[in-house]
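Everything below concerns the one structure shown next.
What you see below is based on every heavy atom in this structure, not just the backbone, and it leaves out hydrogens, waters and symmetry mates. One is the number of the first residue; the rest follow in order along the sequence. Ligands are counted one by one from 1 in listed order, and the atoms in each one are counted from 1 as well.
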Amino acid sequence: MAKEFVKDITAMDEDFAQWYTDVVTKADLIDYSSVRGSMIIRPYGYALWENIKNELDRRIKETGHENVYMPLFIPESLLQKEKDHVEGFAPEVAWVTQGGSEPLAERLVVRPTSEVLFCEHYKNIIHSYRDLPKLYNQWANVVRWEKTTRPFLRTLEFLWQEGHTAHATDEEAMEETIRMLNVYADVLENVLAIPVVKGQKTEKEKFAGAKATFTVESLMHDGKALQSGTSHHFGTGFAEAFGIQYTDKDGKLQYVHQTSWGFTTRVIGALIMVHGDDRGLVIPPKAAPIQVMIVPIAQHKEGVLDFAYDLKNSLAKVARVDIDASDKKPGWKFNEYEMKGIPVRLEVGPKDIENKQVVLVRRDTLEKVVVPMDQLEEQLVSLLDEIQSNLYNKALKHREERTSVAYTLDELKETLESKPGFIKAMWCGELACEEKIKEETGATSRCIPFEQEKLSDQCVCCGKDADKMVYWAKAY
Ligand SMILES: [Zn+2]
């Protein structure tokens, strides 16, 4: 291979963390800024986020939600209203103490999440059962003062959506919580080609102020887990703290039942670490900003560029197509677009034009196929579908290979070393065992999956009675 064209990416098996950093910077997803732990999302990275966002936003609206926008700042007194919530977030909030040259009478928090703002608003607009349900969502940035940061995975500021809903009954709120968890699973599996495990968080791992937290967990190439979306059932906890009440059909005052759910730019990190390889990014077609990159060969020859541009225009009906007609060498372009993870490269030169054909090269397998011009649209569409499902199946196979079972703490520890991944093990439900496992192995409980298996009836840690199977893993 024309080595001089390849921008240097560290091999995954050599140093996975460095590989990740190389990919996010060299594939032009981000640049670092002068603010520690903050990233500049570059056009290619932002286009990827916009695609993910559009897919999710459509589903959020299809399930009856409306988008709103809340303020960036939260007065300290408002954040203080729900005790568990403030305790959970206090260590990582950024404070505004001064406006211009004047110290503020009350400090402001830069939102780490917007529960309290929605609650304050809901108190004002919900009065009767006729006002329910309220199904609001916002797309916004939030700030969490993290100590260690990595692009997309953990940054001081990140982009996300946060849904906040209020319902008349506990049952409705529960349905909503699971509905949105399923929406996240749908986007992850069918757009990002990332298989997920759905389940409930333990008490220790649940959201600050929630009655129950549900999660979709995915497994990265290196065997670490990544929480890829969470959905929380609040019960009436926030409603009681904020006094959000409505008059029911019998004229009685009732507290509303609330939910919240969030999905962030973290999933870009997941996409990179699930599908990427030593050449760089691999983006599933449904998420890809550019699905097909046309690279003209011998473009100085008469007719080649015209032909290539005509192709671009006609294929635009069926795919997101771009063309690189710059004077860089084809070998440079091949490497560049492989690194950027564009699902299909289309090569066309004088001979192809003469033979009424083009060459398609798929990014996932690097296979080349020669396609007659009169079958191009049809074959391209089915190739994109095939790449999409191949990536999902490959990721699923990897997860299955990296999912083990442990019956004792020693086994759990040993498996985490020899075959990092998800470890299924029984748990008694005691916090002490969960903490001990984390302390001794570095693994946290990822979730109590909906799909339970009775591996044994003894806790992996203490050996006492256990009826819950938990997924454990080291996590990002
Ligand atoms: Zn135990």
Side-chain angles (χ1 to χ4, degrees), residues 83-85 87-92 147-148 154 170 174 177-178 181 184-185 195-220 222-235 237 261 398-476:
K83 189 177 63 61
D84 292 337
H85 188 64
E87 271 175 25
F89 279 97
E92 53 186 40
K147 289 196 181 75
T148 50
R154 207 169 282 280
D170 187 78
M174 189 62 191
T177 308
I178 300 303
L181 188 76
Y184 290 161
V196 296
V197 175
K198 287 189 256 183
Q200 185 171 356
K201 287 283 183 191
T202 61
E203 283 295 300
K204 176 176 183 291
E205 300 287 331
K206 77 178 186 186
F207 181 80
K211 188 171 140 190
T213 289
F214 300 88
T215 179
V216 276
E217 297 283 326
S218 50
L219 195 69
M220 306 298 104
D222 63 347
K224 281 195 193 167
L226 191 134
Q227 176 181 301
S228 304
T230 47
S231 188
H232 317 287
H233 183 14
F234 286 158
W261 24 277
H398 176 261
R399 189 188 80 189
E400 282 167 356
E401 284 166 3
R402 293 294 195 103
T403 302
S404 312
V405 174
Y407 298 96
T408 66
L409 196 53
D410 282 342
E411 264 179 32
L412 206 160
K413 214 182 291 182
E414 203 182 277
T415 313
L416 274 171
E417 294 287 317
S418 60
K419 201 171 74 169
F422 281 135
I423 309 208
K424 298 190 281 192
M426 300 305 289
W427 174 55
C428 63
E430 288 297 324
L431 176 64
C433 285
E434 198 179 356
E435 281 176 340
K436 189 174 175 195
I437 291 169
K438 186 178 180 184
E439 219 177 88
E440 296 205 2
T441 70
T444 48
S445 69
R446 303 317 306 157
C447 70
I448 306 162
F450 294 153
E451 281 181 34
Q452 282 283 309
E453 295 165 52
K454 193 175 161 64
L455 305 169
S456 82
D457 47 20
Q458 289 181 315
C459 175
V460 68
C461 183
C462 67
K464 289 182 188 153
D465 287 354
D467 61 0
K468 288 183 187 71
M469 183 191 79
V470 171
Y471 271 78
W472 308 86
K474 290 188 182 171
Y476 280 98

- Worked check of salt bridge (Lys or Arg N to Asp or Glu O under 4.0 Å) between K436 and E439: CA-CA 5 Å; K436 189 174 175 195; E439 219 177 88; over 6 Å; no

- Query: Which heavy atom of K211 sits nearest a heavy atom of D170, and at what distance?
  - Reply: NZ-OD1, 2.9 Å

- Message: Check E435 with K438, please: is the shortest side-chain N to carboxylate O separation under 4.0 Å?
- Response: no

- Message: Using a strict cut-off of 2.8 Å, how many protein N/O/S atoms surround the Zn ion (ligand 1)?
- Response: 4

- Do the ring centers of F214 and F207 come within less than 6.0 Å of each other? no

- Electrostatic pair E434-K204, nearest N-O below 4.0 angstrom: no

- Note on the structure: All heavy atoms of P420 vs all of R402, minimum pair found to be O-NH1, 2.7 Å

